[in-house]
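A short worksheet on the structure shown next.
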Number of protein chains: 4
Amino acid sequence: MNNVVLIGRLTRDPELRYIPNSGQAVSTFSLAVDKNLSKDKKQEMEARNQPTADFVNIVVWGKSAENCANYLVKGRLVGIQGRIQSGSYEAKDGTKRYTTDVVASTVEFLEWGDSKPQGDSNSKGSDFSDLQDFHPIDNDDIPF
Amino acid sequence: MNNVVLIGRLTRDPELRYIPNSGQAVSTFSLAVDKNLSKDKKQEMEARNQPTADFVNIVVWGKSAENCANYLVKGRLVGIQGRIQSGSYEAKDGTKRYTTDVVASTVEFLEWGDSKPQGDSNSKGSDFSDLQDFHPIDNDDIPF
Amino acid sequence: MNNVVLIGRLTRDPELRYIPNSGQAVSTFSLAVDKNLSKDKKQEMEARNQPTADFVNIVVWGKSAENCANYLVKGRLVGIQGRIQSGSYEAKDGTKRYTTDVVASTVEFLEWGDSKPQGDSNSKGSDFSDLQDFHPIDNDDIPF
Amino acid sequence: MNNVVLIGRLTRDPELRYIPNSGQAVSTFSLAVDKNLSKDKKQEMEARNQPTADFVNIVVWGKSAENCANYLVKGRLVGIQGRIQSGSYEAKDGTKRYTTDVVASTVEFLEWGDSKPQGDSNSKGSDFSDLQDFHPIDNDDIPF
DNA sequence: TTTT
DNA sequence: TTTT
């Protein structure tokens, strides 16, 4: 059993890449999950410049990865169901480093907005009007 | 281990009552949790008049119960963490009936709005402006 | 989001049936999930003949259903990950009744033993010696 | 929402220490949580010397910490409910390092045995006979 | 209709 | 630094 549920906001836009041989899509981003603090405790932490959220690295595979990359931006609220995955790698200085991520099986978009309005397209934002009807949606359902 | 996480919308306004002797507050409501259906499957279900959500009875105790009663209304989106509780009672016809609820330990308000604008008060809705800053909030944190 | 994790013991042997047209296997059983009670509270409840567990109906589909039927018996400890499902049916007296089950996506066997040693077969129990190696196992992994 | 459920085995005996001023007990250990692999995939991973488990650092506070230290040993199976906590510290080389742990709210002992039978004591293991009755137990319930 |  |  390895089961995680998080609700939080993206700390930056998702990154998307494709695995060389398989062509599998992977998206990664970091989630700020508010710690469950009383109003007072929260202020105290902020005053001391201590974090009031936990930061969790998220990994998403496949079509869901592409949906995240296409629709999510920094600051957006999502719900995630997945599992904890540990890993390790060798740092440039030769020491071993350990990593912990959450591999998401489902990503629910809990907020919508004009995402990805930037850049070389002169559109006024992606058109996903038909998605607006059903709000908490699993991103696997996004129909393209 | 008995652990449940749900995200869904209230199917009606919460009810609030107080336990006679202890004075403990209890709030109850029902949550519509969207089934994770593909767009096509969802349309098919709707066409057949079959439910596209699961309906779960929620029970909340204490201060959190009062916060739910004060701030939540039908349709509002919440995240719930709790446990499944089974029970039974005798129906009027003498047969035994079985019940299943989720007892919530935390209720996160995932949407805010002008709740409880009704009735004998001539206010334009409760004033909870200071709560608006931190969106996914555990209702235990609501400071009154 | 609709996520449930339970650890508990089967209150009876699993039932297995096959859906008429599709041929899909379904297994159903009930799980006794101990309430998280202090020693004292537990004794008090037992003295008053009140249940010290919550009872949850479990539904399992496909190969996992067959594994449950083949390997689990009353009393066995399992871990379950799944989602809450609500339903309704018409009782013989014409009134509507509501049901709540947990549809399991994974069933981990947390105890092993000589299952199905009963009755009209003169076997010494099913042979699943090769399964004994890896203890907390998701039943999807059972290789037949 | 920050909710984690794990079932796994301790990779070493728990460590216990007390926070200098508050006197709060903290126990830490690492959990090996089997990846959900098919028999074939598992063998393949083992052949390649790749891990077939995820390793998660667990932190437990208070009485529960002491119960873990007193009753758990390397290899024991437990169920854990808690939340992900991120942190950071400065390494000796001045670089910032990031950590991810699970802070457990409940630890269920899913196996029992003669724990702590070691060493300078000539006991035959701790006496916790009265605990043997109720198997999946939250360690908060251990009555001393 | 309930398990250890 | 990893368990059965």
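By convention in this document, chain letters (A, B, ...) are assigned in the order of the sequence lines, proteins followed by strands, and residues within each chain are numbered from 1.
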Original post:
Over how many whole Å does the gap from C:Phe109 atom CZ to E:dT3 atom C1' extend?
Top reply: 17 Å
Original post:
What salt bridge (charged side-chain N to carboxylate O under 4.0 Å, His left out) pairs are there with at least one residue in residues 78-90 of chain C, not counting sequence neighbours?
Top reply: none
Original post:
What is the distance from NZ of D:Lys35 to P of F:dT3, rounded to the nearest Å?
Top reply: 15 Å
Original post:
Rounded to the nearest Å, what distance is computed from the CH2 atom of residue C:Trp112 to the P atom of nucleotide F:dT4?
Top reply: 18 Å
Original post:
Excluding sequence neighbours, so at least two apart, what forms side chain to side chain contact (heavy atoms under 4.5 Å, CB included) with B:Asp93?
Top reply: B:Ala91, B:Thr95, B:Arg97, C:Asp93
Original post:
Rounded to the nearest Å, what distance is computed from the CD1 atom of residue C:Ile58 to the P atom of nucleotide E:dT1?
Top reply: 20 Å
Original post:
Can you list the residues that meet the side chain to side chain contact (heavy atoms under 4.5 Å, CB included) rule with B:Thr28, with sequence neighbours excluded?
Top reply: B:Glu15, B:Val59
Original post:
Starting at CG of D:Leu72 and ending at C1' of F:dT3, how long is that distance when rounded to a whole Å?
Top reply: 13 Å
Original post:
With respect to the side chain of C:Phe55, which nucleotide from E:dT2, F:dT3, F:dT1 is positioned closest?
Top reply: E:dT2
Original post:
Who passes salt bridge (charged side-chain N to carboxylate O under 4.0 Å, His left out) against D:Asp54, sequence neighbours left out?
Top reply: D:Lys35
Original post:
Could you give the CG-to-C1' distance, from D:Asp34 to F:dT2, as a whole number of Å?
Top reply: 12 Å
**OP:** For D:Ala25, check side chain to side chain contact (heavy atoms under 4.5 Å, CB included) against everything at least two apart and list the hits.
**Re:** D:Leu16, D:Tyr18, D:Ala65, D:Glu66
Original post:
Nearest-Å distance, CZ (C:Arg12) to C1' (E:dT4)?
Top reply: 17 Å
Original post:
Where the side chain of C:Asn57 is defined as all heavy atoms beyond and including C-beta, which of E:dT1, E:dT3, F:dT2 is the nearest nucleotide?
Top reply: E:dT1
Subject >> Side chain C:Asp101, main chain C:Ile58, donor-acceptor under 3.5 Å >> reply: no
Original post:
To the nearest angstrom, how far is C:Glu46 atom CD from E:dT4 atom C1'?
Top reply: 11 Å
Original post:
Which residues within residues 85-100 of chain C lie with some heavy atom under 4.0 Å of an atom in DNA chain E?
Top reply: none
